[in-house]
Every structure is written in structure tokens, then in C-alpha cells.
Number of protein chains: 2
Amino acid sequence: MPGSIKLADVAKLAGVSLGTASNAFNRPERVRQEVREQVAAAARKLGYLGPDPKGRLLMGGKAHAIGVLPAGEISVAHAINSPFFRDFMLGVSEICDENRANLLIVSGTKDRKDWAIRNALVDGFILGHTGEVELVSQRHQKVPFVVMDVDAGPDVSSVRIDGRTGARRAAEHLLALGHRRFAILAMSRRPVSPIWHPASDLSRRLVGSFPLDHEKLLGYGDAFEAAGISLDNVPIVESHPPTGWVEAGASMLFERAPKATAILAMSDRHAVAVLVEARRRGIRVPRDLSVVGFDNAPDAVTSDPPLTTVAQPLVEKGRIAARIVFGGGPPRQDILPVELIVRSSTSRPRRQS
Amino acid sequence: MPGSIKLADVAKLAGVSLGTASNAFNRPERVRQEVREQVAAAARKLGYLGPDPKGRLLMGGKAHAIGVLPAGEISVAHAINSPFFRDFMLGVSEICDENRANLLIVSGTKDRKDWAIRNALVDGFILGHTGEVELVSQRHQKVPFVVMDVDAGPDVSSVRIDGRTGARRAAEHLLALGHRRFAILAMSRRPVSPIWHPASDLSRRLVGSFPLDHEKLLGYGDAFEAAGISLDNVPIVESHPPTGWVEAGASMLFERAPKATAILAMSDRHAVAVLVEARRRGIRVPRDLSVVGFDNAPDAVTSDPPLTTVAQPLVEKGRIAARIVFGGGPPRQDILPVELIVRSSTSRPRRQS
DNA sequence: ACTAATTCTTGAAGCGCTTCAATCGAACTA
DNA sequence: TAGTTCGATTGAAGCGCTTCAAGAATTAGT
């Protein structure tokens, strides 16, 4: 509404100065009771609901909100739809509640994120693992922020997990069960259709991945190597969960790597896709095929069969990240532990090798 | 950072006026290429990332975000955890993405909501069905808003469902199957332990409910009446889902209304709690007990057995609400259709009456 | 070459509020 | 009564940016 009442109007009607009116609202104790009531009365009469936050903000005020940018180029809708994100946000929102702050979810492609980082009205940011460009620009921002799942150096707070160890545990588990023929369903962070990587130089393997995804690959490799298997001989399919192409990725895996007895999936979302696709093809898990996921997202428990997976403390991760943003202390780098959780999607292979 | 660079600094270094510098960023076409580059260069040199949104905001700018206040007194964490809310938010976020806006989730108790409504930096609000006090104060706000699931009169936009009809369909379905002994697990919006309503005056039945919940009660009543049953003789337990007391509510229902052959649950969350509690007690659904939910939230499909429920178009509801906020047209009141979906949680009662 | 029509820039006036040094008054000494 | 105190007000100076009328520079028109 144009010409809406402002604090000045209230002050005038109450017969006090602007400053006093402001105090009446924000520091009542500094204003005589009588005057306070006059101001309140004037406000009521004019239908004034209190100082406009826009004005307050400018003068060094807080926005009472922190922003979260999900990882990768995904929409808010996709983010909310992801069990991983949801658990993470649970932790974040818990701390927001504690700090009486709101939660702003920002999304979209890189361009849009850059824009958002500069324009969002928040007191701090939690950045889903994001490229260096954004990091650099962040440096100059005056709001605290934390990056997830990537080491951005000692000047930047980050919270991540030991992905390499986690992935190694997953592969070791399968090796211990006797598996020797593997396939990997890898994470892509870009919205493209599944990519088949038959056997090639490691460094050129994942095209749409983030550092964490590479770490996982290395972790699988660590375990393989100890067992005398070369990661370079393990087929890989890379696929992007939010767009729903992950089922196609699982399908591609079955088509092109039919001899694998065990599949290492870089997320539970990927693993569930394998489960679904396996059932569609009449392949029984874990009898005919073992599958191990990553994250221990909520759907790892509800899937059929429940997933053997590498658990990361998603909720706690959210809490820590949010605390860092609110706390605003010196930069710190947290690395959270991971843990293999064995459920029912893995077993010995039917016939050795 | 105190003393951080501002637009004025950039302007000075570039040797142009403040106004021109502003235009260089916001309306590049109005500035000569050469000058534009000077400004850009100056900005780069100073590490200036573009106009601070706080300043922009004041001069009638947009916050590029809309706020969502979940219904009832719940935390952001609880809200995110609710499948109902998630589906709804999916629709909202879709429209936010379209409008390149962010999504602010506000939560908490009434006090905090009032505060948030006045202070959140957003261009509009979606209010989970909320009491009149908040409505009234909203009237004076200058941002567009829409209320969910409650008719707030012709001056206020609202989106709701025909809860009464939906509830009637649910009860009619059970009646048609031959059920005569019912119990209702009702919705409470307040974080209190379950409340037992044996048989009393209708108007005093639900203590922590919202209008929609009352509508549902009336809908059940409509069906009962047509079958010669009085709603007043149907036992009711009222419970609050977010706090986890809903399982206790289901349990209370089994304790105090052991003879019911069918349970009408006001949400799928309630219905699932009944399912869980039934299994715990060795009561088989639908053989020994029929259960019908409400909402058709995601978990209605994944529950065991899948729920017979009254579907409401949750995602679409979110879309419509968000469009109203962004569209900002004249107030409108939408009523969305509901539809009974029969799955496997209902069947004929084992022995008549 | 000179005026008319354009395109660019400028400077100043806010946007709505908070802050803070300075002022005012009244209650309190001595 | 004059001199202190101390809390309650005031007034003006911003916060960082956008806007807009008005002026300057450039281009077009004849």
C-alpha cells in the first residue's frame, strides 16, 4: 500500500519525537510509561503494527534468517524432495529454532545462486558443496557462512564427512563377503542423462561430480587395491538423482555390467534405484546381487530390502553447520565420522567369482 | 565487516556519480558502454560485489522471497518432517522457482509468528490456517498473503479443501462396507497429550482444533446421520502429530474403544499411527480393523498396508497458494476437490455389528 | 553551421528506521 | 537557593541504495 503509516506518523500523533517513538517500540525501558502508552495508543489508532523491518535492517539490523543453498543445480522442489536434504535440514532447522531465526531456502543454477548469495536477506549461509568461484565471491561477503562436504581451506568453515573412509568400508564389506565383480553407480551433480564409464583413466572418470564424490571413488579404490583389484577395471555409471535419471542409470548398469555381483552406490537414492530396477528385472537382492548405499538417509530403512549403507550423521551435520553460522567464531573445519550399517541388501555372492 | 565498500566508493573511484554507478549495475542499458566498464573495473578493484540488498530493499524493492508459516505451533523441524507439509511445499517451491524467488520458512508459537509476520523480509506470505488475531493484523500489512484451509471472508485470499465432503466420503465408504462401530482419531493442533472424548456435546468436542478439523467432524457426522448413527455416540481421541503423541493417541483409542471395527483418522499421520499400534497389539488391518486416513500424503502409499484415504491435491494446493501470493490479484477463495482413494486398509467387518 | 531531438549524467531528495550526542527537567544535595 | 545528578527526550545525522527532474553532451536534421 502506498502512503502507509510510518513511525513518523505515529510519533507526530503521539506528540513525541521520532527517536522516542522508536525507543517506545524497541527499548521500552528507556521511555516513561506514560509516553509509552501514548505512543501505543497512537499506533493503535493508525493501525501501525510496529517498525517496518526494511527500515530497521539498513541500520545494521539482523535479517533473523539464514540461507541454505542445496548442493548442485537443483530447484527448491528437488531439494525438498530429497530424503538426504530433509534429514540435513532437520538439524539445521533445529538450530534455527533455537536461535529464533527463519530458514531461507535458495536454489537454482549457478548464476542464480551467485545472485542469491549477494541478494538474499540473511545473516549467514550454509552452502551445499559449491565450486570455488562462489567461494571466492563469498570471501568478500560480510556474512558468515559454512561450506558443506568440501575442504575450502583454513579460511573457510566447512563441515564434511570422511567420504573416502566411508566408501572404503563399503567396498571392504563386499570384499569380505566374497564379492569380486563390482560395478559403481556414481553421483553426478549435473542434470544430464546417465554416463557410462567402461574403463578408463581414473582422473577422467567422473564428469559431473563434486570433490566428495571423487573421494568416495578413491575410497572404493583403496579397498579394491588392497584386494588386488584395479579400480580401473570396475565399470561405472554416473547419474543425477534429482532429475529422475537415476533409474535409467541403474538400468544402464544392468545392461552393460551384467556380470557384477555387487553394486556400490554413492547414495541411498542411487541404491534404491538399483533395488527397483533389480526387481523389475527379476534379480533378487541380496541373493543374486548385493547393493550398498551411502548416507543412511531415511529411505535406507524403508526400502525393500533395507539397505546396507554407509551412515553419515546427517541431522548432526545440519546442526553443526547451523551452529557455525550462528556462532560466527573463527573458521573451523569439521570432519564427521561415518559408519557402515549392515542391513539386508548384501550377502555372499551365489557363486564365487 | 565494518567500513565495507559501498556503491559510493565505487562511484568515486570510477569518477562517476552515485546515480550512474547505480544504473551501471541495475540498468546497464542506460549507461554508455565505456562508463559501464569503468564502473565494473572500479568495483573489481575494490572487491565490490554489487549493490547491497539492504539498501535496495528500502527504496521499494522486492525481497525476492515469500514466507511460509506452517499450521499450528510447530517448529521448522517438525514442519519439514511432515509428509503433508512436504508435498505442499513441493507445489509452493515449484512456483517459487518459476518466479525466481526464495522460500522462507517461519515457524514457532503464535507469539513468534506474529513477530515473524511483521518482521520477515518477504514479498508475501502463505499462512498455514491461522487464527483470526493473526488475520486481523495481517489486514494492515502491505504484503499479499493467502490463508490455507480456512475461510477468512471475501477480503482475504484462501485456498482450502472441502473437508466436510471428504470426511463424509470416508465414513460412507466404511458404512457401505458394513461397519457400524466407529471411533475417530482427531487432529489437535496444539502440542498436548491425547485427549479422550467419550460422548459429549458436539460443540465442545475438539479443543485444539482448527476449522478444517471441525469440518471433518461434521462430515463424518453427515454420513453417520444418514445411516441412523449419532456422532455423539462415537468415541473420539484428539492428538497432535508433530510431537509424536499421536501413537499414544492411537493407543488410547484401542484401550477405550475396543469394540470399534473401523477408525476414521483425520490425517494419514494419524492413520499410520493406528496401523503401527494395531500391529503392536496383534490386530490385523484390514481383517480385524479398517482404517481410513486423510490427505493422501506420501506415506499413505508406503504404509503397510497402503491406506485407504481421502486425497486432497496437496502439491496443487501449494502451487495455487504460491501463485496467489505472486500474482497479487484481487482476493479469491479457492476450494479444491477431494477424492476417496481405496487401498488396502479397509474391508468388510468380520462380524456384523 | 545552428537548432532540435536524443542519449547520458548528475545531484539531490528520499526510503523508514536507529543511534547518539546534546538538551531538558525534575528530583536531590549541601 | 544554587549546584549536582541522572533519567527522559529530542534532533539531526546517517544506513546504502534508487529515482527522477534537470542539466550536459552528443547526434540528427536541414
Side-chain angles (χ1 to χ4, degrees), chain A residues 1-40 42-43 46-64 118-121 123 140-143, chain B residues 1-40 42-43 46-64 118-121 123 140-143:
Chain A
M1 276 350 138
S4 61
I5 44 290
K6 54 190 69 165
L7 186 52
D9 301 324
V10 175
K12 193 186 301 175
L13 199 160
V16 299
S17 78
L18 227 192
T20 303
S22 175
N23 281 334
F25 282 102
N26 302 305
R27 311 241 246 323
E29 74 282 3
R30 292 197 188 173
V31 172
R32 201 154 32 98
Q33 159 115 16
E34 190 188 321
V35 176
R36 208 187 310 153
E37 277 163 10
Q38 274 172 45
V39 174
L46 293 174
Y48 183 77
L49 291 145
D52 185 321
K54 294 177 183 176
R56 185 211 310 293
L57 190 61
L58 201 43
M59 195 56 227
K62 292 231 155 272
H64 298 288
R118 282 204 279 290
N119 289 281
L121 296 156
D123 304 323
H140 300 276
Q141 283 290 119
K142 47 242 166 263
V143 298
Chain B
M1 278 342 147
S4 61
I5 44 290
K6 52 191 70 165
L7 187 53
D9 301 324
V10 176
K12 193 186 300 172
L13 199 162
V16 298
S17 78
L18 227 193
T20 301
S22 175
N23 282 333
F25 281 103
N26 302 304
R27 311 242 246 325
E29 75 282 3
R30 293 196 188 173
V31 172
R32 201 152 33 100
Q33 159 114 17
E34 191 189 321
V35 176
R36 207 186 312 152
E37 277 163 8
Q38 275 173 42
V39 174
L46 292 174
Y48 183 77
L49 291 145
D52 184 322
K54 294 177 183 176
R56 189 212 306 293
L57 190 60
L58 200 44
M59 196 55 226
K62 292 230 155 269
H64 298 287
R118 283 204 277 288
N119 289 280
L121 296 157
D123 304 322
H140 299 277
Q141 283 290 119
K142 46 242 165 264
V143 297

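All chains are named by letter (A, B, ...) in the order of the sequence lines, taking the proteins before the strands, and each is independently numbered beginning at 1. Basis for what follows: all heavy atoms, side chains included, without hydrogens, waters or symmetry-related copies.
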Worksheet item: What is the nucleic acid contact for B:Arg36, judged by heavy atoms within less than 4.0 Å: base, sugar-phosphate only, or nothing?
Response: nothing

Worksheet item: When the nearest nucleotide of DNA chain D is assigned to B:Gly55 and to B:Arg30 on a heavy-atom basis, which residue is associated with the more 5' position?
Response: B:Gly55

Worksheet item: Under 4.0 Å: is that the gap between some side-chain N or O of B:Ser17 and OP1 or OP2 of C:dG11?
Response: no

Discussion item. Nearest to the side chain of A:Thr20, heavy atoms from C-beta on, is which of D:dG16, D:dT10, D:dC17?
Written reply: D:dT10

Discussion item. Any side-chain N or O of B:Arg32 below 4.0 angstrom from OP1/OP2 of D:dT26?
Written reply: no

Worksheet, complete the sentence: Ranking D:dT19, C:dG16, D:dT18 by distance to the side chain of B:Leu58, first place goes to C:dG16

Worksheet item: For the pair made of CD in B:Glu34 and C1' in D:dT26, what is the distance, rounded to whole Å?
Response: 13 Å

Worksheet item: Looking for any heavy atom pair under 4.0 Å, which part of the strands does B:Lys6 touch: base, sugar-phosphate only, or nothing?
Response: sugar-phosphate

Practice prompt. Could you tell me whether B:Leu57 contacts a base, only the sugar-phosphate backbone, or nothing, with contacts defined as non-hydrogen atoms closer than 4.0 Å?
Written response: nothing

Fill in: Whole-Å distance separating the CG atom of B:Leu7 from the C1' atom of D:dC15
14 Å

Worksheet item: So what does B:Phe25 touch, heavy atoms closer than 4.0 Å: a base, only the sugar-phosphate, or nothing?
Response: nothing

Item to complete: State, to 0.1 Å, how close A:Ala21 and A:Leu7 come at their nearest heavy-atom pair, and which atoms those are.
Response: CB-CD1, 3.7 Å

Item to complete: Find the distance B:Asn23:CG to D:dA21:P and express it as a whole number of Å.
Response: 14 Å

Discussion item. Expressed as a whole number of angstroms, how long is the span from A:Leu18:CG to C:dT18:P?
Written reply: 9 Å

Practice prompt. For B:Gln33 and C:dT9, give me the distance from atom CD to atom P, rounded to whole Å.
Written response: 11 Å

Worksheet entry | OP1 or OP2 of D:dG16 under 4.0 Å from side-chain N/O of B:Tyr48 | no

Discussion item. With a 4.0 Å cutoff (strictly under), does any side-chain N or O of B:Asn26 reach OP1 or OP2 of D:dT18?
Written reply: yes

